[in-house]
Amino acid sequence: MEFTRNNRQLLSKIATNDRHGENSPYFDGWKAYDSNPYHPTHNPRGVIQMGLAENQLCFDLIEKWILENPDASICTAEGVDKFKDIAIFQDYHALKEFREGVAKLMGRVGGNRVTFDPNRIVTSGGATGANETVMFCLADPGDAFLVPSPYYAGFARDLRWRTGLDLVPVDCKSSDNFRITRAALEEVYDKAQRSNINVKGVIVANPSNPLGTVLDKETMRSLVGFVNDKNIHLVCDEIYAATTFSSPRFISIAEIIQDMDCNRDLIHIVYSLSKDMGFPGFRVGIVYSFNDDVMNCARKMSSFGLVSSQTQFLLAAMLNDEEFVGNFLRESSKRLAKRHHAFTKGLERVGISSLNSNAGLFFWMDMRPLLKEQTVKAELELWRVIINKVKLNVSPGSSFQCSEPGWFRVCFANMDDQTVQVALERIREFVLQGKEEDDGSDKSKHWRKQNLRLSFSSSRLYVDEGLMSPAHMISPHSPIPRSPLVRART
């Protein structure tokens with residue numbers, strides 16, 4: 001965010017610092033889409049949004065349930081008699097029926113191998129608020145958390161902007177399917193210690209954003225062993241738990257610690273209904289900790305981001321309808337699998353591969369063969385061609401702190417089937433054109449240099465083609481800059 005000198009003097013350092021993570025290609029992609037959004041009839045040459053991890057494939061099931069259950073809303077004739085009870089003040093604990101519904105859902109998506117305690121459910125304003133609440137509870141300004149990379153671009157905003165924490169990437173490599181290893185964790189931890197960085201814990205997303213993979217038991221037990229030996233925390237972001245659409249199955253950290261001799265006070269879970277149910281607008285985030293002190297602190301802090309009682313009332317009825325939830329989860333998995341297959345197989349037909357994945361609302365596309373050199377600069381140059389010429393907002397791997405240039409996150413569940421076909425056709429034409437030009441065609445200049453004008457400012461690349469909205473715009477999906485902290489390779 002840009003501030004005048006006078007305004008900086010009037011505002012707080014927290015409000016004006018650059019740790020929000022706004023200065024990133026991930027965010028620039030959002031601005032490119034916002035400035036020129038695709039529409040099949042009104043703007044068929046607009047930018048297609050493939051940078052939004054949103055689950056829009058099952059709204060027909062939700063709408064059908066709402067029509068069949070009008071008493072679940074206090075704004076209907078059937079539910080208005082509950083209006084006063086829901087509209088008046090609610091305490092920090094959230095509605096009992098809502099906590100019970102969330103606990104059932106968390107257990108169900110894990111195969112009912114774990115029973116979650118509704119009394120440990122603490123609500124927050126989306127996973128963003130839940131993650132920040134956990135960080136406020138566990139660490140002080142200047143402390144750090146290790147984060148296996150590539151990792152979610154919004155972690156900078158969620159975890160460090162207002163808390164003052166630092167994130168220390170632990171690089172994972174494609175030759176090992178980006179697996180998290182104990183050796184890599186140890187190396188980064190030791191380097192941080194030598195640099196006088198106080199590491200308070202490790203945070204991982206399972207299933208992974210942006211990889212779309214799930215952690216196996218061996219890796220998870222290794223993570224628990226690591227934090228237990230170091231006496232630091234482990235935070236598991238499980239907001240994509242129910243988006244697993246094929247084997248191997250999702251395993252919650254709560255299941256892992258059931259048969260491990262470890263300090264459970266160090267284990268914490270973040271959950272949400274934004275991805276699994278497709279409700280990001282409802283802002284339902286969950287903190288679930290095995291540490292009583294953390295739960296008590298999180299509950300007090302939740303007053304700054306409570307979920308509205310009206311939302312809780314509706315979702316309590318929905319989540320406690322076990323027949324509906326079971327059918328929804330099964331159908332969601334089927335539709336996600338079908339859409340994932342359509343996208344990845346369509347790309348394979350033009351020679352573009354992706355990391356083998358089975359979860360999430362995205363896949364990790366390998367564009368390394370199209371880079372003119374294996375550098376972040378070349379990755380961003382290719383990305384800008386994709387944004388400006390192909391008109392697709394896909395997110396470059398450097399936004400996710402990936403140490404290997406050429407990977408891109410592609411979201412596939414936020415559009416209809418027609419848009420999927422348009423996106424695939426654009427990619428096909430782009431790749432075929434590149435192959436023709438690489439073969440020496442005189443039809444045009446090399447695609448990598450067509451209409452590409454780059455300028456450099458504060459280690460950030462901008463596109464001078466009028467697609468980007470003003471740099472000071474704030475987005476709810478702000479990402480991260482490249483971390484200056486310790487890095488290591490697995």
Side-chain angles (χ1 to χ4, degrees), residues 24-26 28-29 32 47-48 50-51 149-151 153 171-179 208-213 339-358 360 362-412 420-452 454 461 463 482 489-490:
S24 163
Y26 180 93
D28 280 348
V47 177
I48 295 177
M50 303 175 77
S149 69
Y151 59 78
D171 289 341
C172 305
K173 58 186 180 181
S174 60
S175 59
D176 197 20
N177 291 318
F178 296 100
R179 189 169 62 92
S208 168
N209 177 6
L211 302 179
T213 56
R339 178 60 64 81
H340 179 273
H341 181 270
F343 250 119
T344 56
K345 295 303 177 184
L347 292 175
E348 284 180 10
R349 284 193 283 271
V350 293
I352 297 178
S353 62
S354 59
L355 183 72
N356 186 33
S357 59
N358 69 315
F362 34 73
F363 57 91
W364 196 230
M365 181 172 64
D366 185 3
M367 300 286 275
R368 289 176 297 175
L370 297 184
L371 298 186
K372 63 182 181 181
E373 59 184 17
Q374 298 300 308
T375 64
V376 171
K377 179 181 178 181
E379 174 187 275
L380 295 179
E381 185 176 327
L382 173 60
W383 171 72
R384 281 169 171 76
V385 171
I386 296 174
I387 283 281
N388 294 334
K389 307 300 293 183
V390 190
K391 301 296 180 66
L392 300 177
N393 177 31
V394 297
S395 305
S398 53
S399 296
F400 302 91
Q401 297 295 303
C402 185
S403 60
E404 300 178 17
W407 293 91
F408 290 77
R409 192 191 73 168
V410 181
C411 299
F412 61 78
V420 170
Q421 295 307 313
V422 174
L424 286 172
E425 180 60 22
R426 289 184 182 183
I427 295 174
R428 187 190 70 84
E429 292 178 355
F430 166 65
V431 173
L432 292 179
Q433 177 189 5
K435 289 180 178 179
E436 290 175 356
E437 291 168 349
D438 282 340
D439 288 339
S441 170
D442 293 327
K443 293 180 181 178
S444 61
K445 297 290 184 181
H446 197 283
W447 62 264
R448 291 189 181 98
K449 297 182 179 178
Q450 278 189 331
N451 300 321
L452 195 65
L454 302 177
L461 289 165
V463 179
R482 291 183 64 80
R489 304 179 66 87
T490 58

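In this chain, numbering begins with 1 at the start of the sequence shown. Quick note: numbers below take in every heavy atom, side chains included, and nothing from hydrogens, waters or symmetry partners. Nothing here was measured: the structure is a model prediction, and the numbers come from that model.
Taking CG from Asn388 and CH2 from Trp383, the interatomic distance works out to 8.5 Å, rounded to the nearest 0.5 Å. Residue Phe408 holds its CZ atom at 9.5 Å from OG of Ser395, rounded to the nearest 0.5 Å. With rounding to the nearest 0.5 Å, the separation of CG in Leu432 from CD1 in Ile427 is 11.5 Å. Taken to the nearest 0.5 Å, the CD1 atom of Ile386 stands 13.5 Å off from the NZ atom of Lys391. Atoms CG and CZ, from Asp171 and Phe178 in turn, are 10.0 Å apart once rounded to the nearest 0.5 Å. Atom CD of Glu404 sits about 10.0 Å away from atom SG of Cys172, to the nearest 0.5 Å.
Using a 4.5 Å heavy-atom threshold, the side chains of Pro405 and Leu371 count as touching. Glu425 is not listed as a side-chain neighbour of Gln421, based on a closest heavy-atom distance of 4.5 Å or more. In this structure the side chain of Phe430 reaches within 4.5 angstrom of the side chain of Leu370, judged on heavy atoms.
The two residues Val376 and Ser398 make their nearest non-hydrogen contact at CG1-CB, 4.0 Å. The shortest non-hydrogen separation linking Met50 to Leu392 is SD-CD2, 3.7 Å. Closest non-hydrogen pair, Leu211 versus Pro150, comes out as CD2-CG, 3.6 Å. When all heavy atoms of Ile387 and Ala32 are compared, the pair lying nearest together is CG2-CB, 3.8 Å.
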Name the atoms and distances for all side-chain donor-acceptor pairs under 3.5 Å in residues 341-356, with sequence neighbours left out.
residue : atom : partner : partner atom : Å
Thr344  : OG1  : His340  : O            : 2.8
Lys345  : NZ   : Glu348  : OE1          : 3.4

Q.
For a side-chain contact (heavy atoms from CB on, under 4.5 Å) check, start with the C-alpha distance between Phe400 and Tyr151, then their side-chain angles and the critical distance, and finish with the verdict.
A. CA-CA 5 Å; Phe400 302 91; Tyr151 59 78; over 6 Å; no
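Using a cutoff of 4.0 Å between basic side-chain nitrogens and carboxylate oxygens, Asp176 and Lys173 are not scored as salt-bridged.
When each of Cys402, Pro396, Ser399, Pro25 is tested with Glu379 by the rule side chain to side chain contact (heavy atoms under 4.5 Å, CB included), just one qualifies, namely Pro396.
With sequence neighbours left out, the salt bridge (Lys or Arg N to Asp or Glu O under 4.0 Å) criterion links Arg426 to no other residue.
Relative to the ring axis of Phe362, Arg409 places its NZ or CZ within 45° and under 6.0 Å from the centre.
Judged by distance alone, with hydrogens and angles left aside, the side-chain atoms of Ser174 form no donor-acceptor pair with the main-chain N or O of Asn177 at under 3.5 Å. Counting only distance, with no hydrogens or angles, the side chain of Trp407 and the backbone of Trp364 share no donor-acceptor pair below 3.5 Å. Side-chain atoms of Asp366 come within 3.5 Å of backbone atoms of Arg368 as a donor-acceptor pair (strictly under, hydrogens ignored).
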